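Every value quoted in this text rests on a predicted model; they were computed, and no experiment measured them. We name chains A, B, ... by the order of the sequence lines, and we start the count at 1 in each one.
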Amino acid sequence: GAVVSQHPSRVICKSGTSVKIECRSLDFQATTMFWYRQFPKQSLMLMATSNEGSKATYEQGVEKDKFLINHASLTLSTLTVTSAHPEDSSFYICSVPDRSSNEQYFGPGTRLTVT
Amino acid sequence: GENVEQHPSTLSVQEGDSAVIKCTYSDSASNYFPWYKQELGKGPQLIIDIRSNVGEKKDQRIAVTLNKTAKHFSLHITETQPEDSAVYFCAASSGNQGGKLIFGQGTELSVKP
């Protein structure tokens, strides 16, 4: 399956600042990537679908101006949390789908803590 | 849209016993049902999956069954080991949703030595 990396693995930022998280598909060209958020002891909630060369599509209730997604190439998608607040502290995980098999390959996640 | 319910939320078994986790889904168009294992602080790892044209699939100590009529699928782990302790998630997706996965709530499995 695809190998997916995320950077950074952990980040601490001050309230009001912005943080960028990278998701890379190391061995698989991905026209689509998914971004999930996971709060402690909870399930993964899909935030948005990142589309290479076009705008991301956001799930209901997710603010597109707060969570900026850029899918610059077939191997890289970035999620920028703008004007972060403590309630944005969470585990952010990306995934790469294999359209031929429906399988999804997940990155290791990024732990964001906003102080 | 799709809704996936997963039970139980926690499960504690003795080493060597079997563990069963059950999920139900609502969208009859769903055709792909993966199971993921997530260890603390890590991303989910696919452990087994099943498609709607198959009723059962087995991989060593892990098996998954699917009942399309009842819209439920189950994960069976036999001869459990302490390293099986983790959170397990079921999910469902359909081809007409662009590959989106809808996850169940998760089951925290604890295998006691």
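- The number of heavy-atom neighbours closer than 6.0 Å to CD of B:Glu15, taken from other residues, nucleotides and ligands shown, is above 12.
- With a threshold of 4.5 angstrom between heavy atoms, A:Tyr36 approaches chain B through side-chain atoms but not through N, CA, C or O.
- Only the side chain of B:Gln38 comes within less than 4.5 Å of a heavy atom in chain A; its backbone stays farther off.
- A continuous path of Ile, Leu, Val, Met, Phe, Trp and Tyr side chains, each step under 4.5 Å between heavy atoms, connects B:Ile62 with B:Val13, placing both in one hydrophobic cluster.
- With a 4.5 Å cut-off on non-hydrogen atoms, B:Pro44 touches chain A through its backbone and its side chain both.
- Taking OG1 from A:Thr49 and NZ from B:Lys100, the interatomic distance works out to 5.0 Å, rounded to the nearest 0.5 Å.
- At most 12 non-hydrogen atoms from other residues, nucleotides or ligands lie less than 6.0 angstrom from CD of B:Gln60.
- Annotation for A:Glu103 and B:Tyr32: closest pair CG-OH, 3.2 Å, computed over non-hydrogen atoms.
- Using a 3.5 Å distance cut-off with no hydrogens or angles, the side chains of A:Gln42 and B:Gln105 do not pair a donor with an acceptor.
- B:Ile48 and A:Tyr105 fall into different hydrophobic clusters, where Ile, Leu, Val, Met, Phe, Trp and Tyr side chains are chained together by heavy-atom contacts under 4.5 Å.
- The OG1 atom of B:Thr10 lies 9.5 Å from the NZ atom of A:Lys41; values are rounded to the nearest 0.5 Å.
- Cluster annotation: A:Phe67 and A:Leu44 are assigned to distinct hydrophobic clusters (Ile/Leu/Val/Met/Phe/Trp/Tyr, side-chain heavy-atom contacts under 4.5 Å, transitive).
- Open room surrounds CG on B:Leu40; 12 or fewer heavy atoms of other groups in view lie less than 6.0 Å from it.
- The closest donor-acceptor contact from the side chain of A:Ser43 to the backbone of B:Gly106 lies at 3.5 Å or more, if one exists at all.
- Both the backbone and the side chain of B:Leu101 have a heavy atom closer than 4.5 Å to some heavy atom of chain A.
- Residue B:Leu11 is grouped with residue B:Trp35 when hydrophobic side chains (ILVMFWY) are merged at heavy-atom distances under 4.5 angstrom, including chains of intermediate members.
- Hydrophobic clustering, with ILVMFWY side chains joined whenever heavy atoms are under 4.5 angstrom apart, groups B:Phe73 together with B:Tyr88.
- Heavy-atom contacts from other residues, nucleotides or ligands closer than 6.0 Å to CZ of B:Arg61 number more than 12.
- In this structure, chain B has heavy atoms under 4.5 Å from both the backbone and the side chain of A:Ser101.
- You'll find the side chain of B:Arg51 reaches within 4.5 Å of the side chain of A:Asn102, heavy atoms only.
- No side-chain heavy atom of A:Phe106 sits under 4.5 Å from any side-chain heavy atom of B:Gln45.
- You'll find the side chain of B:Phe103 stays beyond 4.5 Å of the side chain of A:Gln38, heavy atoms only.
- Neither the backbone nor the side chain of B:Gln6 has a heavy atom closer than 4.5 Å to any heavy atom of chain A.
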